[in-house]
Amino acid sequence: MASMPNKLEFNMEYNFTEIEATWRQKWQENELYKVSNNSDKPKYYVLDMFPYPSGAGLHVGHPLGYIASDIYSRYKRLKGFNVLHPMGFDAFGLPAEQYAIETGQHPRTSTEKNIGYFKEQLQNIGFSYDWSREVSTCDPEYFKWTQWAFLQMFHAWYNQETDQSEPIDTLIAKFAQGGSAAAKGAGGEHEAFDADGWNDMSPSDQQRILMNYRLMFQAESEVWFCEALGTVLANDEVKDGLSERGGHPVEKKKLRQWFLRTTAFAERLLGDLDDLNWPESMKEMQRNWIGKSYGASIHFDIIGHDKQFEIFTTRADTIFGATFMVLAPEHELVAEITTPEQKEKIETYLDYVRKRSERDRLSEVKVVTGEFTGAYAKHPFSGEPVPIWIAEYVLASYGTGAIMAVPSDDDRDNAFAEKFNIPIVEIIDKSKYPGAGRSDKLGIMINSDFLDGMEVPEAIQHITSKLEDMGIGKGKINYRLRDAGFSRQRYWGEPFPIVYDSEDLSEMPKTLPETELPLRLPEVESYSQSPDGRSPIAAIRDWVELPNGQYRETDTMPGYAGSSWYFLRYMDPQNKGTFVGQDAINYWKDVDLYIGGTEHAVGHLLYSRTWHKYFYDQGLVPTKEPFQRLVNQGMIQGRSNLIYRIKGENKFVSLELKDQHDCSPIHIPIKFVDGKDMLDIEALKGWRSDFEEADFVLHEGGFKCDFDVEKMSKRLYNVTDPNDVISKYGADTFRLYIMFLGPIEDSKPWSTKGIEGTAKFLKKFWRLFVQDEQLIVTDDKASPEELKTLHKTIKKVDHDLSTLGMNTCVSAFMVCVNELTAAKCHKREILEPLLVLLAPFAPFVTEELYQRLGNEGSVHTAVYPEHDEQYLKEDAYEYPISINGKMRIKINLPLGIDQAAAQESVLANEMVQKWIEGKDLRKFIYVPGRIINIVV
RNA sequence: GCCCAGGUGGUGGAAUUGGUAGACACGCAGGACUUAAAAUCCUGUGGGCAGUAAUGCCCGUGUGGGUUCAAGUCCCACCCUGGGUACCA
């Protein structure tokens, strides 16, 4: 008992438990953080990426960005802004549904419970969220507007002539007036028709044509399907061609699904990045994801068939080196052109590819695979037959799903040709460019008929116009970006407001009127799926089948549907009449600062930008881009503990002994392991029955565990609950500690090592104001040194906050408090501004002390101090003197002297004389206020 | 594989963006107060070599090269770690 921390005495000094509980309650009663949409103050919108409320609760990793954004919000408020700082929940998703499958508990029930705990945890940390604006994507009052947005985009197309999205009616009008030639819309690939053709067309055929243009449209696409589980699986539920759960075989299955026509916006998504205040790396990832490339499309005839196929290439110049063609295995012509002799081999290869993920197909570089179709294309210039192969490295979804392969100038084509003994023809002389790689666009054309002698860029130009003249090709811009899949064969997501006249999807979909929104989910008995790969909803017949004989869509929307516009709803969360009122959106406009992880670099951020651009085109939002400034936060990773089990036995060995046995590592909860990774065996035995009977082989009297750093997850038993930390140290200490760990962009494993440092800091800070429960603050005049300490701290904190350098702010506070403590400074003139300065970081303790100083209002509505340069002036500086770049001594010199004077006094110094004795002075470098370097 | 980011003491990190490497903390060691502990305070703490000592010298920011009066910072190549890779969120 003697070793127990003496909490009572500790609390007498600074009782954070009581202080934090008091203020949490008072702030709630006074609605201190309630934000109005009517204010004379300038607006500022600080947004966090809202969390998915998982069953493991909020863990210490989440608050890294949340604390930073909260500090920034509070800082902006003190600086006189009307700050919108809301929070909500991204509440639809796979884990809740998986949990439902395992436990039978309704996803809504578990999700609501999780949200409740998340909110409690968030409130404990002392965030300044306006909770009256909370949104949750699974709330019908919210997803009503997600469904509404879907309908708007369904009834819209992208007009490439006006370069914006428009209501589908404008397209219909163009077709009725001038047929298909009258409109240029993104997507549209179908046979041409004239005005009469359109007007005579059956309504259902018209719908079929329009589907090629809609921003929300249907197309065939593949999903992972697991026969044994009877479900469609997400990519991360498939490992090495088997289901992660159960290890069953999986195969791709083609389904008719919904898509968002992201590609229509590709050019704007790319171009508008330039003006955003985002990390350059984040913009770069989006640029690469969009993947704009300039090239040419070329049509090749297939010998013996009245057919052509189209390829896309960025290297049209290399056409004379094209010694084979490659179609994607899924290419529509494969079945048709495969010769009878090759049919069996092709079938076998197609079976293999069906089990391969896209990522595996692209990342495989060591072993190239493919198969010959038996068919040949005709080379447009030489007339020679060129063999047509299929290979997994060509994807149906990129370009045209077919390439001309040039083994001399492309690495993969080269590896392929080597393996299958296909000729390689050198067509570019690179001797002028030493060091140029195989795929560099450098050199002079050879063996290329009319291109010979040209430099590569010239040859690309020349061949492209030649192909255009011949009518077999043309210059083309290609994007890597694909239209985004918008269907999930799942229960826990937004239902589509869509019905069909027949259940086999042979008829075009029809929309429900907006008056029927929100369309709610049916209650289901079982959450596993039906054997045909449809969602569990398909089994609820009285929901699917409507009294009028129609059938409902059974797919649901993906996670990113609700998260693509949630930041708009916060502006006007209660609005019953529209997704966001015009007054609200015109006041708040856009997000000024958005903080979140890089894992959303291309998914969420790209989809939100796409939706926003659609809203912008419709005049529903005033800005082209939703997020002006973006800051990435790193992850606080978990530190997992593992123990080693001897294979085939229920026996565990201490870490030192694991190499003497054939062992497999097992994750165990970190709470059974001490700070030195030593296991509490008895505690572990009591945790799960399979450990109760187990043997534990010790090493030198103890059992040591291994550790691993990985993301925090319930599954890995490495989650730390912020509530545990807060009950021990308080929220203020927790906030300071998380910030003190380092720059918010960095990832690091969680550890409480060092939290004592920020705890001690707050106690020291407290003692500047209060000792023995007595306020000891005086009204004495501050000394110049004390003023200097205060003002340099204001300057540093104000500056570092602008770059979100919270870690250096905390150390500046520590330096400041160390100096004031040393000076025994208890002066109001110094301490009161310091309270305001620290308030965004430690909102509770600063509020308490602010009140004790006798102030009426809240410290969080005070006026932010400004620094005054007059207290910071220096007239001398201790120059580090380097000799040949190595720092040797320091010499105090007045600031503002010129080079000649500096040189004179430095060279006169006897220590300097000693160093340069007998050597020639070559150069004297004087950087005022920085350094002096003498080169001898 | 491809795209993006990051490697600095025993640990988390700092470094005015090319100008004193290791601020501020943790940990550790020694000391003060105490019957003892807790709490608090003080001193020291990158590595090596020399010296009783003050001190001095050398090495040092993942590895190897380069640019510069000066490189943690810029350039080239490589190694390792993390994130993403289109149905996890």
Side-chain angles (χ1 to χ4, degrees), chain A residues 2-6 9-10 13 49-52 54 90 92-95 98 223-224 232-238 257 262 279-282 284-285 287-289 291 357-366 393 397 412 480-485 487-490 558-560 563 597-604 606 632 634-635 637 709-711 737 740-743 745-749 751-758 760-761 763-764 767 796 799 807-808 810-815 818 878-882 884-888 890 922-925 927 929-935:
Chain A
S3 66
M4 285 267 291
N6 195 332
E9 196 172 332
F10 177 74
E13 247 191 303
M49 287 185 184
F50 63 168
Y52 175 78
S54 86
D90 187 13
F92 277 129
L94 226 45
Q98 191 52 42
V223 293
W224 284 115
V232 168
L233 298 177
N235 285 338
D236 73 332
E237 295 179 300
V238 178
Q257 304 194 78
T262 341
E280 204 44 53
S281 61
M282 191 69 37
E284 196 58 23
M285 274 189 263
R287 287 189 192 109
N288 293 335
W289 187 257
S357 72
E358 221 170 69
R359 199 181 309 169
D360 287 342
R361 284 171 58 173
L362 283 176
S363 57
E364 186 64 81
V365 285
K366 294 200 179 88
Y393 74 87
S397 52
R412 271 182 316 194
R480 202 182 74 98
L481 183 71
R482 307 207 295 249
D483 290 324
S487 275
R488 301 291 182 266
Q489 293 71 38
R490 292 286 177 172
Y560 70 83
S563 62
T598 51
E599 65 269 28
H600 299 287
V602 286
H604 162 61
L606 204 65
N632 290 127
M635 288 205 311
Q637 294 149 314
V709 172
E710 46 203 341
K711 73 174 173 188
Y737 176 60
F740 191 56
L741 279 175
E745 302 88 2
D746 292 1
S747 291
K748 55 217 116 202
S751 148
T752 46
K753 259 191 208 170
I755 194 167
E756 296 292 344
T758 46
K760 268 191 232 168
F761 160 75
K763 281 187 258 177
K764 247 174 134 171
R767 283 198 300 268
K796 169 92 177 149
H799 172 267
N807 54 329
T808 50
V810 177
S811 77
F813 283 124
M814 287 173 167
V815 172
N818 287 347
E878 193 167 49
Y879 278 90
I881 311 295
S882 293
N884 284 341
K886 271 189 202 295
M887 210 285 285
R888 295 300 178 182
K890 289 179 186 175
R922 290 237 312 262
K923 221 173 194 177
F924 187 88
I925 292 150
V927 187
R930 289 276 171 85
I931 199 170
I932 288 166
N933 191 11
I934 303 168
V935 188

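In what follows, chains are A, B, ... by sequence order, proteins preceding strands, each numbered from 1.
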For nucleotides 13-18 of chain B, tabulate all protein N/O to nucleotide N/O atom pairs closer than 3.5 Å, reporting atom names and distance.
| unit_1 | atom_1 | unit_2 | atom_2 | d |
| --- | --- | --- | --- | --- |
| rG13(B) | O5' | Leu741(A) | O | 3.1 |
| rA14(B) | OP1 | Asn807(A) | ND2 | 2.7 |

(request) Check the pair Arg361(A), Glu358(A) against salt bridge (Lys or Arg N to Asp or Glu O under 4.0 Å), reporting the backbone distance first and the verdict last. (result) CA-CA 5 Å; Arg361(A) 284 171 58 173; Glu358(A) 221 170 69; over 6 Å; no
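Rounded to whole Å, the distance from CG on Asn288(A) to P on rA5(B) is 10 Å. Computed from coordinates, the Asp360(A) CG to rC2(B) P distance equals 15 Å when rounded to whole Å.
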Under the rule of Watson-Crick or G-U wobble with both distances under 3.5 Å, where | means paired to another strand and [ ] a crossing pair, RNA chain B maps to (((((((..(((......[....)))((((((.......))))))(((((....)))))..(((((..]....))))))))))))....
Under a 4.0 Å heavy-atom criterion, the protein footprint on nucleotides 83-89 of chain B, written with B, S and -, is SSBBBBB
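What you find for Val232(A) and Glu237(A) is that their closest heavy atoms are O-OE1, 4.4 Å. The shortest non-hydrogen separation linking Ala601(A) to Met282(A) is CB-SD, 3.3 Å. Listed here is the closest heavy atom pair of Arg490(A) and Leu94(A): NE-CD1, 3.1 Å. Between Pro558(A) and Gly485(A), the shortest heavy-atom contact is CG-O, 4.1 Å.
Side-chain nitrogen and oxygen atoms of Lys923(A) include at least one within less than 4.0 Å of the OP1 or OP2 phosphate oxygen of rC69(B). In terms of phosphate contacts, Asn933(A) brings no side-chain nitrogen or oxygen within less than 4.0 Å of OP1 or OP2 of rU68(B). Phosphate proximity of rU40(B) to Lys760(A): absent, as no side-chain N or O sits under 4.0 Å from OP1 or OP2.
At a threshold of 4.0 angstrom between heavy atoms, the contacts of Val927(A) include nucleobase atoms, whether or not backbone atoms are also involved. Note on Arg767(A): only backbone sugar-phosphate atoms sit closer than 4.0 angstrom, heavy atoms only; bases stay farther off.
In textbook terms, a nucleotide whose glycosidic angle is within 90° of 0 is syn, and rG9(B) is one such case.
Position along RNA chain B of the nearest nucleotide to Glu756(A) versus Leu362(A) favours Leu362(A) as the more 5'-ward residue.
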